[in-house]
Amino acid sequence: MFAIVLVHPEIPPNTGNVIRLTANTATELHLVEPLGFRMDDRELKRAGLDYHEYARVAIHRDFAACRAALDGPAPRRWLAFTTTGATSLFDTRFAPGDVLVFGCETSGLPDTIVAQFAPSARVRIPMRPGVRSLNLSNAVAVAVYEAWRQNGLAGAG
């Protein structure tokens with residue numbers, strides 16, 4: 001359906017929560033190194049509970065390798081989630097195959113990666129003024145469920 005990309009995630013429980021989310025929504029998860037933890041981290045496993053077997057997780061050495069792997073023979077539409085995005089999540093029309101890209105917990109997406117996205121492909125999640133950002137796993141959940149809802153919650157029970 002969709003692919004989620006976490007660029008340089010740092011906090012194991014956040015990534016564990018996203019693993020659980022992707023297992024429940026039939027989305028792919030792609031992690032871009034460096035990671036702030038090891039994949040056998042106890043907190044990562046605890047947050048993901050026993051959902052690891054239902055999730056599709058791939059690890060890429062850098063963003064370029066991730067992009068090459070996901071685009072394969074047919075390029076996909078890529079959307080960067082950033083607090084400075086020009087387009088609201090709720091004004092974005094999602095389609096199956098879209099790739100939703102999120103940055104790390106402490107600094108978001110690096111400027112060098114954001115620069116690879118047209119302004120129209122930079123998405124923000126609306127928040128009250130004066131607050132920095134949402135928790136990474138919460139932001140991913142909000143975005144994935146909105147994208148899935150727009151596509152009729154295909155495959156939901």
Side-chain angles (χ1 to χ4, degrees), residues 1-11 13-33 35 47-49 51-60 62-105 107-129 131-157:
M1 173 68 69
F2 303 102
I4 304 304
V5 174
L6 301 183
V7 177
H8 313 154
E10 300 167 326
I11 301 173
N14 281 335
T15 300
N17 289 340
V18 175
I19 288 170
R20 187 173 183 169
L21 172 75
T22 60
N24 279 290
T25 57
T27 52
E28 308 164 35
L29 177 58
H30 296 264
L31 305 176
V32 176
E33 294 180 322
L35 308 179
L49 297 174
Y51 288 85
H52 292 264
E53 66 187 87
Y54 301 108
R56 293 181 313 227
V57 180
I59 300 172
H60 306 277
D62 56 34
F63 188 70
C66 178
R67 195 151 196 160
L70 278 165
D71 278 343
R76 297 166 79 166
R77 183 172 75 149
W78 290 67
L79 301 164
F81 281 76
T82 172
T83 57
T84 61
T87 307
S88 166
L89 164 72
F90 301 106
D91 293 331
T92 303
R93 293 295 149 237
F94 294 94
D98 283 352
V99 180
L100 288 58
V101 182
F102 297 84
C104 71
E105 292 88 344
S107 58
L109 282 172
D111 291 340
T112 56
I113 291 178
V114 173
Q116 296 177 39
F117 291 81
S120 61
R122 298 175 191 173
V123 180
R124 75 179 185 293
I125 298 173
M127 295 179 287
R128 289 183 33 232
V131 279
R132 266 191 337 229
S133 63
L134 292 173
N135 169 278
L136 176 61
S137 62
N138 290 340
V140 174
V142 167
V144 167
Y145 270 92
E146 174 59 14
W148 196 25
R149 181 197 67 78
Q150 287 182 20
N151 285 272
L153 298 169

May I have all residue pairs that pass salt bridge (Lys or Arg N to Asp or Glu O under 4.0 Å) and include part of residues 108-119, sequence neighbours excluded?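 Non-adjacent pairs meeting salt bridge (Lys or Arg N to Asp or Glu O under 4.0 Å): zero.
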
Provide the full list of salt bridge (Lys or Arg N to Asp or Glu O under 4.0 Å) pairs with a residue in residues 76-103, sequence neighbours left out, each pair given once.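 As it turns out, the salt bridge (Lys or Arg N to Asp or Glu O under 4.0 Å) pairs with a partner in residues 76-103, which skip direct neighbours, are E28-R76, R77-D98.
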
Could you give the distance from [atom1] ([X]) to [atom2] ([Y]), rounded to the nearest 0.5 Å?
X: N17; Y: L136; atom1: CG; atom2: CG; value: 9.5 Å
X: S137; Y: L6; atom1: OG; atom2: CG; value: 9.5 Å
X: N14; Y: I19; atom1: CG; atom2: CD1; value: 11.0 Å

Tell me, please, which residues at least two apart from [X] pass side-chain contact (heavy atoms from CB on, under 4.5 Å).
X: P110; answer: V7, H8, T112, I113
X: S133; answer: T83
X: A69; answer: H60
X: A156; answer: W148, L153

Measure across [X] and [Y] and return the closest heavy-atom pair with its distance rounded to 0.1 Å.
X: H30; Y: C66; answer: CB-SG, 4.0 Å
X: V32; Y: P9; answer: O-CD, 3.9 Å
X: P119; Y: A86; answer: O-CB, 3.6 Å
X: L89; Y: A143; answer: CD1-CA, 4.0 Å
X: P96; Y: N151; answer: CD-OD1, 3.1 Å

Heavy-atom side-chain contact between M127 and R132 under 4.5 Å: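 No. Closest side-chain heavy atoms not under 4.5 Å.
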
Could you check if a side-chain atom of L100 sits within less than 4.5 angstrom of a side-chain atom of V5, using non-hydrogen atoms only?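 L100 vs V5: side chains apart.
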
Do side-chain atoms of [X] reach the backbone of [Y] as a donor and acceptor pair under 3.5 angstrom?
X: N24; Y: R20; answer: yes
X: E105; Y: E10; answer: yes
X: R122; Y: L79; answer: no

Applying side-chain hydrogen bond (donor to acceptor under 3.5 Å, both in side chains), can you list everything that pairs with [X], at least two apart in sequence or on another chain?
X: E146; result: R149, Q150
X: D71; result: W78
X: T27; result: T25
X: S120; result: none

Using the side-chain contact (heavy atoms from CB on, under 4.5 Å) definition, which of the options V99, T22, V101 pairs with I4?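 The side-chain contact (heavy atoms from CB on, under 4.5 Å) with I4 is passed solely by T22 among V99, T22, V101.
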
Return each pair, listed once, that meets ring-ring contact (aromatic ring centres under 6.0 Å, His included) where at least one residue sits in residues 83-104; pairs must be two or more places apart or across chains.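 Those involving residues 83-104 are F81-F102.
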
